[in-house]
K.L.:
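Handing you this structure, nothing more for now.
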Number of protein chains: 2
Amino acid sequence: MGITLREVAKEAGVSITTASRALSGYDDVADKTRKEVERAADSLGYIPNLMARRLKTGRTGTLGFIIPDTSSRLGDPFFSNFLAGIGNEAGNHGFDLLITTHSPDSRGEHESYTRAVGGGWVDGVILVRTRYDDWRIRYLYENNYPFVAFGRSNHEFEYPLVDEDSKAGVSQMVQHFIDLGHREIAFLAPPANLMFARLRREGYVQTMQDNGIRWRPDFIREGNMTRQSGYEQMNILLSNRDRPTAVIACNDMMALGVMDAVQERGMVVGRDISVSGFDDVPVAAFTNPPLTTLRQPIYDIGRTCCRMLVEILAGQKPEPYQTLLTPEVVVRESTGPKI
Amino acid sequence: MGITLREVAKEAGVSITTASRALSGYDDVADKTRKEVERAADSLGYIPNLMARRLKTGRTGTLGFIIPDTSSRLGDPFFSNFLAGIGNEAGNHGFDLLITTHSPDSRGEHESYTRAVGGGWVDGVILVRTRYDDWRIRYLYENNYPFVAFGRSNHEFEYPLVDEDSKAGVSQMVQHFIDLGHREIAFLAPPANLMFARLRREGYVQTMQDNGIRWRPDFIREGNMTRQSGYEQMNILLSNRDRPTAVIACNDMMALGVMDAVQERGMVVGRDISVSGFDDVPVAAFTNPPLTTLRQPIYDIGRTCCRMLVEILAGQKPEPYQTLLTPEVVVRESTGPKI
DNA sequence: AACCTTGAAGAAAAGCTTTTCAGTCGGTGT
DNA sequence: ACACCGACTGAAAAGCTTTTCTTCAAGGTT
């Protein structure tokens, strides 16, 4: 690499200690000496070796974001919007952002968390898509490692998080459909191990029951949050003898896939079959037809998570420590009355 | 932090050297010894200190992406798609991705590049939105630092890059408008210091002239690539006595802003005024009306840049070293014949 | 004159790995 | 019996900062 502090010290005619202290702005170094060291550093083009510094201080100035997804990963607007929120906020606080992607529970995912906690990979991490019995959360918590999660879990302890009230959200959406006269309402669920899978399913089942509608197990299908899987699962639903007249997809990408399948069969979304999503990613307002969905401010949640993590790293306790947001039904043209 | 190699060595009853070599898979370590070291490491929960390793080896296993934008940054789908390409490809090769955002030519941007080249921040960087007389490229090149750029520049030396043929692209688009009967074609240009600003402007001016149309300086307006600025600049154009009948925006975000302004005045995009963009970000297919634009495969370009950088870090020379792609006009409903 | 305080600067340790080079030991070839 | 070799292993350096603790000189106090 290049110039080291030793050479700067030599050039300035002082010890390494003094050079270090001069450049770090300590006040027990004479003004004249500091000027001289600065001049030397400048003229030699000194750039501190980051790894040496980090090794010594144990701080990296970097936050980690480990994306739990295999197929679409960063291509999914959910992640890219959340990432945007984190990234922009991190920048505001002078932190870099380190990102990596691994499929849930994979070896690589384990390694990343291990490296973070034990290897000094980053100063703290942000978690997303929390799972039932989430080992990541337990692991981070038990090691007293700084983190913030987007999503609750079912642990007995408290940790800093932001989450949306999935159950209430889905509940509202089911009610929206019922109010439009639908009774054959299918539910395209997230992978079962995700924490919000249970909550959203509860919202679905309970609201159906509350309205005196018997819910049918074969109208609940599990997808993997991609457009492709929305398409596939909807094709299965459509090949049944009894078809639903409405579908609630648990994210917007799957809703897009559902619409693909519907339109492929020559039916009109919003008239023949109503479709709704979850998230309100930016593209949802522009689909054809525009998508009825549950709005949660992904970008802002990303920012909030990041801000909370920065506070934790500064030794403060974020206030509030846990936030629960209620998603809001945004009615667009993909849903309409039952015909 | 935690367990160090020293403790593992002690537990296994060997020297630090042997422990290190055993765990790193060197073959000059007896099988029995290796097993013993591995057992010790396992039982103690040893995790290597990344910073110590990096300090010693001078490698970080990380690629850097310094996003040159102030206002929208990661919120801009251009960046998030490009980032997705880089990120996914980096993951495939076992690299982490470090991202940070700075406004062009800011102090922070300078520092980031300095830290990369001199401080061992990352192993290599990917550049985007190259500029005229781009100091970043010169700096990296002269320091023989590994990098790949999305975009040409005007330097005398060769460096690894991928770029789209901006001039040809805009030229095609202008021709598209002229073929539709338009002659009052406005051009919403990128910030003048961007390399492709010149190329695209050349494409515009030259194709107008080739068709015997006098281009008007007041029909060329500069925006900053955001939707907001598209909106503002279009309002200026619309408040003129002579209004254009068609507008070429130099990215899709500005085109969205242009459409906002047009629709706000009760006019119909694609009939009263034709609008086109550049990039074909995913949302462009879903705008209202769907946007005519120039398609360049941003995601794939990101992947390619990343792959090239990984090759360079492996000591190979990417083949081809410089790639020029020709964007393709995608005609949708935001453009129509002059009425 | 002896002692203390203060401001400034340096020696050396610490942070943890990787790597170079030297050394040990049993065995083999002559 | 001697030299040498091969297979392993260990001591120590190197990588570069930051930080603790010590030292030193000058000036002030009693």
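Numbered from 1 within each chain, the chains take letters A, B, ... in sequence-line order.
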K.L.:
Please tell me which of the listed nucleotides, D:dT9, C:dA8, D:dG15, lies nearest to the side chain of A:Ala30?
P.N.:
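Closest of the options to the side chain of A:Ala30: C:dA8.
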K.L.:
Which part of the nucleic acid, if any, lies within contact of B:Arg54, taking any heavy atom under 4.0 Å across all strands shown: a base, the sugar-phosphate backbone alone, or nothing?
P.N.:
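The answer is nothing, as B:Arg54 stays clear of every strand by at least 4.0 Å.
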K.L.:
Atom CD1 of B:Ile16 to atom C1' of C:dT20: distance rounded to whole Å?
P.N.:
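Nearest whole value for this atom pair: 15 Å.
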K.L.:
Using whole Å, what does the distance between atom P of nucleotide D:dA14 and atom CE of B:Met51 come to?
P.N.:
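Whole-Å distance recorded here is 24 Å.
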K.L.:
For a quick check of understanding: with a heavy-atom distance under 4.0 Å over all strands, which category does A:Thr17 fall into, base, sugar-phosphate or nothing?
P.N.:
base
K.L.:
Got a sec: does the CZ of A:Arg6 have more than 12 other heavy atoms crowding it under 6.0 Å?
P.N.:
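At most 12 heavy atoms, drawn from other residues, nucleotides or ligands, come within 6.0 Å of this atom.
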K.L.:
When you check the phosphate oxygens OP1 and OP2 of C:dT18, does a side-chain N or O of B:Thr57 lie under 4.0 Å from one of them?
P.N.:
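For C:dT18, OP1/OP2 do not have a side-chain N/O of B:Thr57 under 4.0 Å.
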K.L.:
Go nucleotide by nucleotide along DNA chain D from the 5' end; which of B:Val14 and A:Ile47 gets its closest nucleotide reached first?
P.N.:
B:Val14
K.L.:
Measure from NZ on B:Lys35 to C1' on D:dC8 and round the result to the nearest Å.
P.N.:
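Those two atoms, NZ and C1', are 16 Å apart.
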K.L.:
Roughly how many Å is it from NZ in A:Lys10 to C1' in C:dA11, rounded to a whole number?
P.N.:
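In whole Å, C:dA11 C1' lies 18 Å from A:Lys10 NZ.
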K.L.:
Less than 4.5 Å apart, any side-chain heavy atom of A:Val8 and any of A:Ile16?
P.N.:
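When only atoms from C-beta onward are counted, A:Ile16 and A:Val8 do not touch, as no gap falls below 4.5 Å.
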K.L.:
Quick one: on DNA chain C, does B:Leu55 or B:Thr18 contact a more 5' nucleotide (nearest heavy atom)?
P.N.:
B:Leu55
K.L.:
Looking at D:dT18, I'd like to know if its phosphate oxygens (OP1 or OP2) sit under 4.0 Å from a side-chain N or O belonging to A:Ser20.
P.N.:
yes
K.L.:
Counting side-chain heavy atoms from CB outward, which of C:dG10, C:dA9, D:dC16 is closest to A:Ala52?
P.N.:
D:dC16
K.L.:
Which part of the nucleic acid, if any, lies within reach of A:Thr4 when heavy atoms closer than 4.0 Å are counted: base, sugar-phosphate only, or nothing?
P.N.:
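Sugar-phosphate, backbone atoms only, no base.
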K.L.:
Check whether any side-chain N or O of B:Ser15 sits under 3.5 Å from a backbone N or O of B:Thr18 as a donor-acceptor pair, and report yes or no.
P.N.:
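Checked: pair present.
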K.L.:
Calculate the interatomic distance between B:Leu5 atom CG and D:dA14 atom P; express it in whole Å.
P.N.:
19 Å
K.L.:
For C:dT20, take OP1 and OP2 only and decide whether either is under 4.0 Å from a side-chain N or O of B:Tyr26.
P.N.:
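Answer no for this pair, as no side-chain N or O of B:Tyr26 is under 4.0 Å from OP1 or OP2.
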K.L.:
Are A:Phe82 and A:Phe150 an aromatic pair by the rule of ring centers under 6.0 Å?
P.N.:
yes
K.L.:
Looking at side-chain heavy atoms only, is the closest gap between A:Leu83 and A:Leu97 below 4.5 Å?
P.N.:
yes
K.L.:
Would you mind telling me which of C:dG15, C:dG10, D:dT9 lies closest to the side-chain atoms of A:Ser15?
P.N.:
C:dG10
K.L.:
For B:Tyr141 together with B:Tyr159, are the ring centres under 6.0 Å from each other?
P.N.:
no
K.L.:
Starting at atom CZ of A:Arg34, determine the distance to atom C1' of C:dG7, rounded to an integer number of angstrom.
P.N.:
13 Å
K.L.:
Within the structure, does a side-chain N or O atom of B:Tyr46 lie under 4.0 Å from either OP1 or OP2 of C:dC16?
P.N.:
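Checking B:Tyr46 against C:dC16: no side-chain N or O falls below 4.0 Å of OP1 or OP2.
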K.L.:
Without decimals, in angstroms, what is the distance between A:Asp28 CG and D:dT20 P?
P.N.:
12 Å
K.L.:
Between C1' on D:dA11 and CZ on B:Arg6, what's the gap in Å once rounded to a whole number?
P.N.:
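It works out to 12 Å between those atoms.
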K.L.:
Return the 5'-most residue of the pair B:Arg21, B:Arg53 with respect to DNA chain D, ranking by each residue's nearest nucleotide.
P.N.:
B:Arg21
